[in-house]
Amino acid sequence: MIGAAAPLAVSGMTVAYRKKPVVQGVSFEAKKGELIGIIGPNGAGKSTLIKAILGLIPALEGEVRIYGKPYKQQRKLVGYVPQRESVDWDFPTHALDVVTMGRYGHLGLFRRPGRKEKELAFECLEKVGMAAFANRQIGQLSGGQQQRVFLARALAQDAALYLMDEPFAGVDAATEKAIVLLLDELKRQGRTVLVVHHDLTTVTEYFDSVLLLNGEKIAFGPTAAAFTPELLHRAYGGKLGFRMPVPTADSGE
Amino acid sequence: MLEMLNDPNLRWILFGSILLGLGNGIVGTFSYLRKMSLMGDVLAHAALPGICIAFMLTGVKEVWLFLIGAAAAALAASACTNLISRHSRIKQDAAMGIVLSVFFAIGIVLMTRIQHSEYGNQSGLDKFLFGQAASMTMGDVYALGGTALAVSLVCGLLFKEFKLISFDPAFGRGLGYRTAALEYTLLALVTVVVVAGIQAVGVVLVAALLITPAVAARYWTDRLATMTVLAGAFGAASGAAGTWISSGVSQLPTGPISVLAATALFGLSALLGVRRGLLSKLLLRRRAKRLWMLERQSNGDAGIAAAKGGGSARSIAERGRIG
């Protein structure tokens with residue numbers, strides 16, 4: 001029954017855009033309150049995996065269970081932070097308005113966000129240190145600030161499980177620190193967070209567990225066990241099309 | 001020209017055009033922000049064969065029959081566009097380009113045939129190319145007004161949802177919204193306003209009334225709600241100007257005049273718009289430069305004063321910053 005209650009259980013996930021699968025037979029199970037880094041080279045299918053879990057792209061095969069039930073029944077428990085480039089930042093809206101969108105799922109059709117939703121959104125902006133920019137047009141924010149607005153929007157969703165697509169990409173040190181603090185707080189509140197991550201130097205510092213991906217699952221487990229030079233070499237070296245006969249080579253950094 | 005307001009018939013036509021412009025401007029805001037500006041053009045051009053087929057099948061000149069034909073053809077065109085972009089490597093914009101021209105070509109072929117047939121000259125189909133507001137009857141105006149109001153109402157009810165699918169559809173889907181259904185709703189609304197506008201503005205230009213007011217409105221605000229209302233107002237003004245001028249002066253087509261009016265509003269907005277207009281950008285830059293120069297100057301003074309051992313250095317610097 002432990003398996004049934006897991007915040008996220010993915011089994012046999014296979015996704016293909018064209019003939020060749022981008023993600024193949026990936027299975028793993030996230031524990032409650034775990035910070036998981038999804039690591040792998042470019043084109044390893046990290047973002048694809050997240051999008052398939054969320055049903056944004058169709059999977060050829062595979063099952064996703066959120067706290068034991070299919071994703072469609074549990075949408076409200078799942079928060080999503082897309083890549084920053086996925087939207088047009090010239091859109092006529094301000095930071096607070098974007099964060100308020102995080103409440104739309106709870107509001108449902110036709111109902112408009114009111115004072116309660118806006119107050120909650122403002123609190124979320126405060127948590128990421130963006131309260132001073134609440135009324136700023138989103139195009140006038142720096143890249144890091146935009147990323148924090150996206151995180152605040154995810155916070156406003158008040159989800160139990162978060163999927164974040166490269167939140168650390170192209171942000172400055174201040175934003176990186178703000179994100180790390182936020183991840184720690186989410187963890188303390190017993191929420192589970194999956195983060196697509198690129199910077200290998202910070203993996204051991206940030207994450208409890210690691211999902212090492214290169215089309216298929218290379219490894220999944222506690223960072224100390226899964227984030228080893230040997231396994232990294234398999235994830236990254238294989239991509240380059242050569243394999244060292246001695247698997248102790250110091251690589252992947 | 002003001003005396004035409006005394007003519008009850010013309011007054012109704014004017015009223016109809018204003019409502020039409022309003023509906024177009026409001027719906028157009030979302031088309032523009034979803035980067036689907038060309039879609040309105042596709043739907044409008046595709047309406048022509050629909051109108052012709054409706055006439056050939058029934059042989060009667062009934063506006064509501066024409067509009068049914070137009071709507072059916074427009075929906076077929078949008079389905080074609082979706083099919084092409086989904087099942088081939090052709091991108092959406094190219095697909096729209098293909099569909100637009102094919103449907104329009106079929107429309108022109110059919111229209112030429114109709115006009116060379118015995119009852120062709122009475123068909124009045126050529127009016128649908130560039131539009132003629134004066135050809136509208138009272139019933140048309142009622143239908144137009146009702147349509148525009150209904151469309152505006154739907155946009156008001158689904159404002160939050162349309163904002164979501166315009167800004168971040170993937171996030172919306174993650175929230176559990178049926179984004180595909182919402183997108184089709186929006187597409188249906190575009191079809192309705194475009195088809196409704198064909199009689200007054202014509203298939204060739206009606207899409208301009210959809211997009212231009214929205215683009216103009218964007219120069220004045222960074223808020224979606226304000227932009228939507230403003231685009232509606234701009235659309236209404238353009239429709240009014242087009243109808244008014246073309247019914248007052250003989251031999252002027254309504255559609256092109258409306259579009260020129262909308263374009264004039266766009267030009268003014270691009271120049272004078274408070275948010276991102278050319279003039280406000282220029283003023284802002286000049287002000288920033290002046291402030292910078294002032295600050296540098298005062299810092300320079302402060303440096304000299306400090307070198308002389310004067311205690312007033314800070315006060316000078318502060319004065320400079322306030323200025």
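Chain letters run A, B, ... following the sequence lines, proteins first and then strands; every chain starts at 1.
Here NZ of B:Lys163 is found 7.5 Å from OG1 of A:Thr100. Values are rounded to the nearest 0.5 Å.
In this structure, chain B has a heavy atom under 4.5 Å from the side chain of A:Val98, while its backbone stays farther away. With a 4.5 angstrom heavy-atom cutoff, B:Arg178 does not touch chain A via any of its atoms. For chain B, no part of A:Leu54 is nearby; none of its heavy atoms comes within less than 4.5 Å. For a residue to count as touching a neighbouring chain, one of its non-hydrogen atoms must lie under 4.5 Å from one of that chain's; by this rule B:Ser166 touches chain A with backbone and side chain alike. With a threshold of 4.5 angstrom between heavy atoms, A:Gln73 does not approach chain B through any atom at all.
Residues of residues 117-124 of chain A lying within less than 4.5 angstrom of chain B, judged on heavy atoms, are absent. Heavy-atom proximity under 4.5 angstrom to chain B picks out A:Phe150, A:Arg153, A:Gln157 from residues 146-171 of chain A.
At a threshold of 4.5 Å between non-hydrogen side-chain atoms, the residues A:Asn135 and B:Arg223 count as touching. The side-chain heavy atoms of A:Asp90 and B:Arg276, taken from C-beta on, include a pair separated by under 4.5 Å. Within the 4.5 Å cutoff, side-chain heavy atoms of B:Leu158 are placed close to those of A:Phe110. Between A:Pro92 and B:Leu33, some side-chain heavy-atom pair lies under the 4.5 Å cut-off. Taking 4.5 Å as the limit, every side-chain heavy atom of B:Phe171 sits out of range of all side-chain heavy atoms of A:Val81. Side-chain contact between B:Asp168 and A:Val87 is present, with at least one heavy-atom pair separated by less than 4.5 Å. Between B:Phe167 and A:Ile138 the shortest side-chain heavy-atom distance falls below 4.5 Å.
With salt bridges taken as basic N to acidic carboxylate O contacts below 4.0 Å, none links B:Lys160 and A:Asp97.
Each of B:Arg173, B:Arg218, B:Lys35, B:Glu161 has some count of heavy-atom pairs under 4.5 Å with chain A, and the biggest count is that of B:Arg218. Here A:His94 is the residue among A:Gln137, A:His106, A:Arg112, A:His94 with the most heavy-atom pairs under 4.5 Å with chain B. Heavy-atom pairs under 4.5 Å with chain B peak, among A:Leu109, A:Leu107, A:Val78, A:Thr93, at A:Leu109. Each of A:Lys76, A:Met101, A:Arg111 has some count of heavy-atom pairs under 4.5 Å with chain B, and the biggest count is that of A:Met101.
The 12-atom threshold is exceeded at CD of A:Gln140, counting heavy atoms of other residues, nucleotides or ligands nearer than 6.0 Å.
The aromatic rings of B:Tyr177 and A:Tyr104 lie perpendicular to each other, with more than 60° between the two planes, well past the 30° mark.
Distance alone, capped at 3.5 Å, places no donor-acceptor pair between the A:Arg75 side chain and the B:Leu175 backbone.
Here the shortest heavy-atom pairing between A:Tyr71 and B:Gly174 reads OH-O, 3.4 Å.
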